[in-house]
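Contents: one structure, followed by commentary.
Along the sequence shown, residues carry numbers from 1. What you see below is based on every heavy atom in this structure, not just the backbone, and it leaves out hydrogens, waters and symmetry mates.
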Amino acid sequence: LLEAWLPSTAEPAPRARRAIDWDALARWACREASAPPTLAELAARVHLSPAQLVARCRAERGLSPQAWLRAQRLMAARALRAQGWPVARVSAAVGYRSPSALTAALRRLTPTD
């Protein structure tokens, strides 16, 4: 009982974090391509607050959730283009508002200098 009243010198044990299944989140987000999910929707999907998702994404992926999602959409676009899909169909499938927006995003990702 006396020990309970004494100041603790030990650090509190870190709380176990629920692992984020980034691959499953990416698959879900890409299926929602007609309107890419918002930060709040992404966070809700993994049972975190938006602020917690931002912190975890930066710590675990090195990107903001928006940058991570954009990268996922562009990887999906590249895969579909490699399968021979037309740019217009790919842009609709991965949630870009137009083929030119997708083309510009892909160019920014891989400069042709």
Side-chain angles (χ1 to χ4, degrees):
L1 183 60
L2 181 59
E3 289 176 7
W5 288 95
L6 293 175
S8 174
T9 57
E11 298 259 337
R15 289 183 14 189
R17 289 182 161 177
R18 179 183 334 193
I20 296 174
D21 186 343
W22 293 102
D23 292 333
L25 184 60
R27 285 190 303 274
W28 172 81
C30 286
R31 281 194 307 268
E32 301 297 316
S34 62
T38 64
L39 175 61
E41 291 167 336
L42 286 170
R45 186 74 183 182
V46 292
H47 309 288
L48 296 173
S49 72
Q52 290 171 322
L53 179 61
V54 168
R56 293 279 299 274
C57 194
R58 286 191 189 281
E60 295 176 22
R61 298 292 158 188
L63 299 167
S64 70
Q66 295 84 353
W68 172 82
L69 179 57
R70 183 173 39 256
Q72 300 307 305
R73 292 167 62 207
L74 290 173
M75 284 189 327
R78 281 184 166 166
L80 294 173
R81 286 292 294 145
Q83 294 175 19
W85 285 34
V87 175
R89 187 172 169 207
V90 171
S91 66
V94 298
Y96 276 81
R97 67 181 177 274
S98 69
S100 61
L102 173 59
T103 301
L106 287 169
R107 281 191 186 131
R108 280 190 302 273
L109 187 64
T110 54
T112 57
D113 291 345

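At least one side-chain heavy atom of Val54 sits less than 4.5 Å from a side-chain heavy atom of Pro65. Between Arg45 and Pro37 the shortest side-chain heavy-atom distance does not fall below 4.5 Å.
Taking CG from Asp21 and CZ from Arg27, the interatomic distance works out to 6.0 Å, rounded to the nearest 0.5 Å.
The minimum heavy-atom distance linking Leu102 with Val94 is given by the pair CD1-CG2, 4.4 Å. Nearest heavy atom pair, residue Ser64 against residue Arg58, reads CB-NH2, 3.6 Å. Counting all heavy atoms, side chain and backbone alike, Cys30 lies closest to Gln72 at SG-O, 4.0 Å. When all heavy atoms of Ala40 and Pro50 are compared, the pair lying nearest together is CA-CG, 4.1 Å. The minimum heavy-atom distance linking Ser91 with Pro99 is given by the pair OG-N, 3.6 Å. In terms of heavy-atom proximity, Arg18 sits nearest to Arg56 at O-NH2, 2.7 Å.
The side chain to side chain contact (heavy atoms under 4.5 Å, CB included) search around Ala101 returns Tyr96, Arg97, Ser98, not counting sequence neighbours. Residues that satisfy the side chain to side chain contact (heavy atoms under 4.5 Å, CB included) test with Pro86, not counting sequence neighbours, are Arg89.
Counting only residues at least two apart or on different chains, the ring-ring contact (aromatic ring centres under 6.0 Å, His included) pairs with a member in residues 60-93 are Trp22-Trp68.
Hydrophobic cluster membership is shared by Leu63 and Leu53, with clusters built from Ile, Leu, Val, Met, Phe, Trp and Tyr side chains linked at under 4.5 angstrom.
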